[in-house]
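Report on one structure; see the data block that follows.
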Amino acid sequence: MTSVEVTGRPVKFAVTVFPGSNCDHDAEHVIGTVLGQPVRSLWHSERTLHGADVVIVPGGFAHGDYLRTGAIARFSPVMKAVQAHAKAGKPVIGICNGFQILCEVGLLPGVLMRNLSLKFICEFLHVRVERTDTPFTSLCHPGQLIRMPIAHGEGRYTAHASTVAGLERRGQVVFRYCDARGEATPESNPNGSMNSIAGICNEARNVVGLMPHPERASEEFLTSADGRVMFESVVASLTR
Amino acid sequence: MKRAGAWLARVSVGLKPDILDPQGKVVRGALGELGFSAVQEVRVGKHFWVRLRGSLSRPAAEREVRRMAARVLINPVIETFTFTLSRAG
């Protein structure tokens, strides 16, 4: 397990909250209690991030996921502020529904579609860290395995074949579903995502989205604290 | 003069041909099991009925429908749309 000496200034986090968000408190708990960093929630009607350094778009069912996952949330005032934050090169992470919202709003390419099995899947699994040159993976080593849960009905990463090829070529695939030995096999791909993609980043690498839940695997009593490194990474990347 | 009735746009949203549709496959399987042996493929889409102010001209109403479909009703990565426009009465 990685541990970080936080010596620099505090890193201010903001967690967006939409009607139907349900992982916002978990995220705030990890940032505020586990990492001891300042964190505030941002209701979807907010137009400013109140000086946040990092934005977390958490999981849930924003606006009931009506129309498409993230389709209504993308027009929320707070998302305009999040887009400006992202365009300025500052760190943004979308987890699960947050990943779906970042795709809908166009900060990340592609879309998350119904799982191939058509079932809602809630289980622990492994992902492999493919890239350590994002603010959320800077403390990982290449190929590091992270054990954390997924909980989604719509997590099948889909994009045009040329888009996926571009992601691979530019090293934008940050996390890939794999088995406990780190092999990405058809069996270890829970939802039929193209290329076993569990998480990606934008070209500038400051915006990361992933379907698994690192905030649900950040303390030992949850059976895995592997996910904590992602939040520690972004703190480290902003204070070093 | 009698005012024109509202416009009714019927917007049909479907997946692009190269997008996998597991839901459609399940429906196709169910139809096959129920004896609809002629069915070769099913793809599931969405249908929107949108009522618009009748005072709009037809071109203006069509423009509005195209704009809202492209901006909100579809995700252009995976979906396309067609629509018809008629007087709702």
Side-chain angles (χ1 to χ4, degrees), chain A residues 62-76 79-80 97 99-121 152-167 186 189-197 200 202 209, chain B residues 6-34 36 39-53 61-85:
Chain A
H63 294 277
D65 275 351
Y66 294 144
L67 188 58
R68 292 178 309 276
T69 57
I72 308 296
R74 67 181 269 222
F75 296 111
S76 294
M79 286 311 297
K80 290 220 165 52
N97 192 223
F99 184 16
Q100 296 163 340
I101 294 168
L102 294 184
C103 286
E104 272 284 337
V105 84
L107 284 175
L108 293 171
V111 57
L112 286 311
M113 297 187 70
R114 282 282 288 278
N115 295 341
L116 203 52
S117 64
L118 301 177
K119 294 189 176 96
F120 188 97
I121 308 171
H152 61 245
E154 276 128 338
R156 175 166 53 99
Y157 185 79
T158 304
H160 194 274
S162 63
T163 303
V164 174
L167 289 175
N189 182 346
N191 51 27
S193 289
M194 293 174 80
N195 292 21
S196 289
I197 288 172
I200 57 173
N202 63 343
Chain B
W7 288 109
L8 178 62
R10 297 159 190 252
V11 186
S12 179
V13 173
L15 292 171
K16 287 181 175 174
D18 59 335
I19 297 294
L20 190 65
D21 179 17
Q23 203 179 179
K25 283 190 175 170
V26 169
V27 175
R28 184 210 178 283
L31 290 173
E33 281 175 27
L34 290 168
F36 293 97
V39 176
Q40 293 183 320
E41 189 185 10
V42 176
R43 291 176 72 77
V44 178
K46 292 177 196 164
H47 195 76
F48 298 86
W49 283 32
V50 183
R51 208 179 271 272
L52 294 103
R53 219 170 36 235
E62 287 178 349
R63 201 160 51 237
E64 279 298 277
V65 173
R66 273 196 203 94
R67 282 181 56 223
M68 71 179 78
R71 177 141 187 252
V72 183
L73 302 185
I74 71 160
N75 181 327
V77 176
I78 51 169
E79 294 168 326
T80 56
F81 70 95
T82 56
F83 71 96
T84 62
L85 189 67

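Every chain is numbered from 1 and lettered A, B, ... according to where its sequence line falls, protein lines coming before strand lines.
- If you measure heavy-atom distances from B/Lys25 to chain A, you find no contacts under 4.5 Å at all.
- Contact annotation: the side chain of B/Ile19 approaches that of B/Arg43 to within less than 4.5 Å [non-hydrogen atoms, C-beta and beyond].
- Between the side chain of A/Arg68 and the main chain of B/Val72, a donor-acceptor pair closer than 3.5 Å is present.
- The contact between B/Leu20 and chain A is made by backbone and side chain atoms together, counting heavy-atom distances below 4.5 Å.
- When atom types are taken as modelled, the side chain of B/Glu79 and the backbone of B/Asn75 share a donor-acceptor pair closer than 3.5 angstrom.
- When heavy atoms are compared at a cutoff of 4.5 Å, A/Leu116 approaches chain B by way of both its backbone and its side chain.
- No side-chain donor-acceptor contact under 3.5 Å links A/Ser117 to the backbone of A/Asn115.
- Looking at B/Asp18, the atoms closer than 4.5 Å to chain A (heavy atoms on both sides) all sit in the side chain, from C-beta outward.
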